[in-house]
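See below for the structure under consideration.
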Protein chains: 2
Amino acid sequence: MPEQRFTSVWTREHKPRRAQQGLSREQIVRATVELLDAEGMESLSMRKLGAKLGAGATSLYWHVANKNELLELAMDEVFGAVRIPASDSWREVVGNVAWGLRAAILAHPWFTFVLGSLPALGPNAMNCSATLCAALARAGFQKHDIDYAGAAVLSYTVGATAPEAAYTSALKRRGITMEQAQRDLAPAVEKVARAHPEVHARFQEAVESTIDPLAHRQLAFDFGLVSMLDGLAMRLPKSADMSSNHQTH
Amino acid sequence: MPEQRFTSVWTREHKPRRAQQGLSREQIVRATVELLDAEGMESLSMRKLGAKLGAGATSLYWHVANKNELLELAMDEVFGAVRIPASDSWREVVGNVAWGLRAAILAHPWFTFVLGSLPALGPNAMNCSATLCAALARAGFQKHDIDYAGAAVLSYTVGATAPEAAYTSALKRRGITMEQAQRDLAPAVEKVARAHPEVHARFQEAVESTIDPLAHRQLAFDFGLVSMLDGLAMRLPKSADMSSNHQTH
DNA sequence: TGGGGTCTCGTACAGTGTTCGAGGTCACTC
DNA sequence: GAGTGACCTCGAACACTGTACGAGACCCCA
């Protein structure tokens, strides 16, 4: 087996070319994000992207080594859209980053696919995790616990938001309403109800609920986020921060 | 726009054919899991799968409507491998399910890709979330909080384990050692170090650390899981369970 | 007038998921 | 035994995909 290398856009250096005319890397990345937002991950092809830019598909390969590099760049573009808050309260900083990341994922549902397959080494991603860790360090976490706590919040945020984004965007793109989807899934739920009656009961509750589904999902996210933050607060060496029951939103 | 339907393997009914000869659905699903484990998500093709079974690619379409259905079935197969614990302590049940799911994801890194794109409506997935919710209900959570708490634990578990599985399996499949990867990433980290020196310091610590990287990742996962469980325990209406500081593993 | 770097792109290759329809193999009935 | 219809397999074809390669175009500078 030949000693392979682990590569990424961020390990090659890249001199920005004269932005005179023709294509530029920034322009290509912007178009990529737009196309992904509009049509989703599996509809992005180099030919379509080229056409959108009024260029041939293979012209893109001058500015970018391959499709994966393009996706890495697009991912970091989304990380860049996460607003980084400034505050003295670590709970506020961490909570705001989590909600910001959630908003970014919901706006760009393809994001988590890229995050799951390619390393996030871009400057904006680094900036995100750095502010998180800085806040946690200031809060009083020590050494490895800083990384652990930061990773825990990011993991929960991504894990909670990704399927939500995938589901809602899949429905929207295919022109299916939420009610239609629930109606279509009813038989499958019915089948499972025999083994787990209490699951069925809660599903019915959800269907007949009068709360706005969007508000419902926000409540669910907040519940988990607040729980995580409270649990982290318990792990602070000296109980410096005791405002554990504040809502983050 | 024509009123589309939201479909899934689990919404169609399926009569298991006579298992006499030729292909069967179970056999195909087993082979799918094997192929995905061995070569990863992007290397699964109907032609390869057919060849592995000694059949033509298009023969599979008699037993399964399309590739997505196949992936749904494979996903539920993995859910079925999660051992469901029996215990009176809700923390033990929830913790064990989380660790079991983590083990399943690490053994089948393609799992989270499917989970992210297709609905998990299979019986084994339902069983998993049902035991989780049953334990949480017994613990004292009420109504929606049961779902919220269950979703929080699953979200954290998936969000924390998925990138870990993706990274380690990508390295293994391409024959790259962990040390080699860290060496390859060094220039990118170096570049970011200028903006965030404290990130660089912790990265160096991690590289030079003498702890086994596997143990390190397990510690990180446990840190977040215990934090989440502690935070959930705080949300129990009457403080029925106060054993908040026990480790789960 | 000549390079030489920078950039575009047509062609080609090996692969993909899936449709269609022709055919083959049974178990059962007349 | 002949015939029928359900069950199952599969070759060919279609419209795609990512990207390697090499031919050319443009522009700046000597």
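Within every chain, numbering begins at 1; the chains are lettered A, B, ... in the order of the sequence lines, protein sequences first and strands thereafter. Model, not experiment: these values are computed from the prediction.
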5′-ward residue of the pair A/G56/B/N66 relative to DNA chain C: A/G56
Earlier contact from the 5' end, DNA chain C, for A/G54 and B/K48: A/G54
Residue pair B/R30, B/E77: steps toward the salt bridge (charged side-chain N to carboxylate O under 4.0 Å, His left out) verdict: CA-CA 8 Å; B/R30 253 198 315 274; B/E77 194 86 347; 5.8 Å; no
Classify the nucleic acid contact of [X] as base, sugar-phosphate or nothing, counting any heavy atom under 4.0 Å across all strands shown.
X: B/A57; answer: nothing
X: A/S45; answer: sugar-phosphate
X: B/L60; answer: nothing

Whole-Å gap separating [atom2] ([N]) and [atom1] ([X]):
X: B/L44; N: C/dG15; atom1: CG; atom2: P; answer: 16 Å
X: B/W62; N: C/dC20; atom1: CH2; atom2: C1'; answer: 14 Å
X: A/Y61; N: D/dA20; atom1: OH; atom2: C1'; answer: 10 Å
X: A/R25; N: C/dT8; atom1: CZ; atom2: P; answer: 13 Å
X: B/Q27; N: D/dC8; atom1: CD; atom2: P; answer: 13 Å
X: A/L70; N: D/dT17; atom1: CG; atom2: P; answer: 15 Å
X: A/M46; N: C/dC9; atom1: CE; atom2: P; answer: 14 Å
X: B/E42; N: D/dT17; atom1: CD; atom2: P; answer: 18 Å

Residue met sooner reading DNA chain D from 5', once A/A65 and A/S43 are mapped to nucleotides: A/S43
Residues B/E13, A/K191: salt bridge by 4.0 Å N-O rule: no
Side-chain H-bond candidate by donor/acceptor type, A/Q180 with A/D184, under 3.5 Å: yes
B/D37 versus B/W110, side-chain donor and acceptor atoms under 3.5 Å: yes
D/dT9 phosphate, OP1 or OP2, under 4.0 Å from B/H63 side-chain N/O: yes
Distance below 4.0 Å between A/T58 side-chain N/O and D/dT19 OP1 or OP2: no
Aromatic ring proximity B/Y148/A/H216, centre distance under 6.0 Å: yes
Nucleotide of C/dT18, D/dT9, D/dT17 approaching B/K67 most closely (side-chain heavy atoms): C/dT18
hbond_proxy B/R47 side chain to C/dG15 base (donor-acceptor, 3.5 Å cutoff): no
